[in-house]
Amino acid sequence: MTSPTRKCRAFQGGLVVTGRMELLLAAGAGLLITVLVLGVRVALVLRASGGNKPGKKGHVSLLVVAGSGGHTTEILRLLSCLSQSYYPTHYVLAETDKMSEEKIHAFETSKDKTSTNPMILCNGPGTCIPVCFSALLFGILGLKKIIIIYVESLCRVESLSLSGKILYYFADHFIVQWPLLTEKYPNAKYLGRIV
């Protein structure tokens with residue numbers, strides 16, 4: 001019986017490869033192929049301008065990430081300006097955030113409609129990061145392309161929030177409410193004061 005560290009095969013040129021080295025080479029090659037395939041898939045998802053654009057006919061399913069404090073008030077003001085084609089609206093909020101839950105229940109009016117194009121709308125609470133990365137993962141895996149729209153909070157005048165700094169590179173639409181931020185972040189869109 002041979003141990004995995006014993007020499008088992010010789011290549012031309014006198015290089016001797018052991019069983020353990022063969023295993024490492026095979027694992028490394030498999031890892032390289034996996035990274036390349038995933039890299040290509042991620043690049044395609046991030047570059048896709050896709051068919052799920054809000055301007056198309058039909059309805060857009062919307063996932064809203066609500067945070068405590070002013071984040072909920074800002075996001076509800078923003079939602080009140082959207083057309084009726086954005087439904088149904090689903091919300092993500094902390095289990096302990098009873099005040100936001102009450103505000104959302106008072107605001108929400110349409111629950112019986114169906115959708116074709118899913119979107120996530122968020123404005124800065126830290127809870128939006130895992131939700132947005134989950135949506136990105138859906139796209140990477142080819143399950144469903146979900147449009148991520150990030151609206152930086154009105155109080156961010158000179159720099160982005162931590163959530164904004166992370167999602168700047170992944171959001172399909174990144175909106176700021178101060179023109180100075182478009183100079184520092186050229187992919188951001190300034191649409192004026194939204195909320």
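The shown structure was predicted, so the numbers you read here are calculated from the model rather than taken from an experiment. Note that the numbering runs from 1 along the sequence shown for the chain.
Counting only heavy atoms from C-beta outward, the side chains of L181 and Y190 never approach each other to under 4.5 Å. Side-chain contact check for Y169 versus N187: every heavy-atom pair is 4.5 Å or farther apart.
One distance of note links CG of L93 with CD1 of I75; it measures 12.5 Å at 0.5 Å rounding. From Y91, atom OH reaches atom CG of L62 across 7.5 Å, with rounding to the nearest 0.5 Å. Rounding to the nearest 0.5 angstrom, the gap separating the CG atom in L191 from the OG1 atom in T182 is 10.5 Å. The CD1 atom of I104 lies 13.0 Å from the NE2 atom of H90; values are rounded to the nearest 0.5 Å.
Under the 4.5 Å side-chain heavy-atom criterion for Ile, Leu, Val, Met, Phe, Trp and Tyr, V131 and L137 are members of the same hydrophobic cluster.
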Anything under 3.5 Å between a donor and an acceptor, one on a side chain of residues 119-127, the other on a protein residue two or more places apart or in another chain? List them.
{"from": "N123", "atom 1": "ND2", "to": "H71", "atom 2": "O", "distance (Å)": "3.2"}
{"from": "N123", "atom 1": "ND2", "to": "E74", "atom 2": "OE1", "distance (Å)": "3.4"}

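Pairs of residues two or more places apart, or lying in two chains, that qualify as salt bridge (Lys or Arg N to Asp or Glu O under 4.0 Å) and include a residue from residues 98-107 are K98-E101.
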Open item on the list: Show, in sequence, the C-alpha distance, side-chain angles and deciding distance for L160 and Y185, and conclude whether the side chain to side chain contact (heavy atoms under 4.5 Å, CB included) test is met.
Closed with: CA-CA 9 Å; L160 300 178; Y185 303 96; 3.5 Å; yes
- [ ] May I have the step-by-step check of side chain to side chain contact (heavy atoms under 4.5 Å, CB included) for K145 and D172, ending in yes or no?
- [x] CA-CA 11 Å; K145 172 66 175 141; D172 295 289; 2.9 Å; yes
Open item on the list: Before you tell me yes or no, could you show the steps for L154 and R193 under side chain to side chain contact (heavy atoms under 4.5 Å, CB included), namely the whole-Å CA-CA distance, both residues' side-chain angles and the distance that decides it to 0.1 Å?
Closed with: CA-CA 7 Å; L154 181 63; R193 186 173 167 209; 3.5 Å; yes
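For S159, the side chain to side chain donor-acceptor pair (under 3.5 Å) partners are R156, not counting sequence neighbours. With sequence neighbours left out, the side chain to side chain donor-acceptor pair (under 3.5 Å) criterion links S163 to no other residue. For the ring pair (Phe, Tyr, Trp, His ring centres under 6.0 Å) test, residues two or more places apart in sequence or in another chain that qualify with F174 are Y150, Y168. Applying the side chain to side chain donor-acceptor pair (under 3.5 Å) test to K189 and every residue at least two apart in sequence or in another chain returns H173. Taking the side chain to side chain contact (heavy atoms under 4.5 Å, CB included) definition, one finds that L180 meets it with E158, E183, sequence neighbours left out.
The residue from V92, I148, I146 that alone fulfils the side chain to side chain contact (heavy atoms under 4.5 Å, CB included) condition with L63 is V92.
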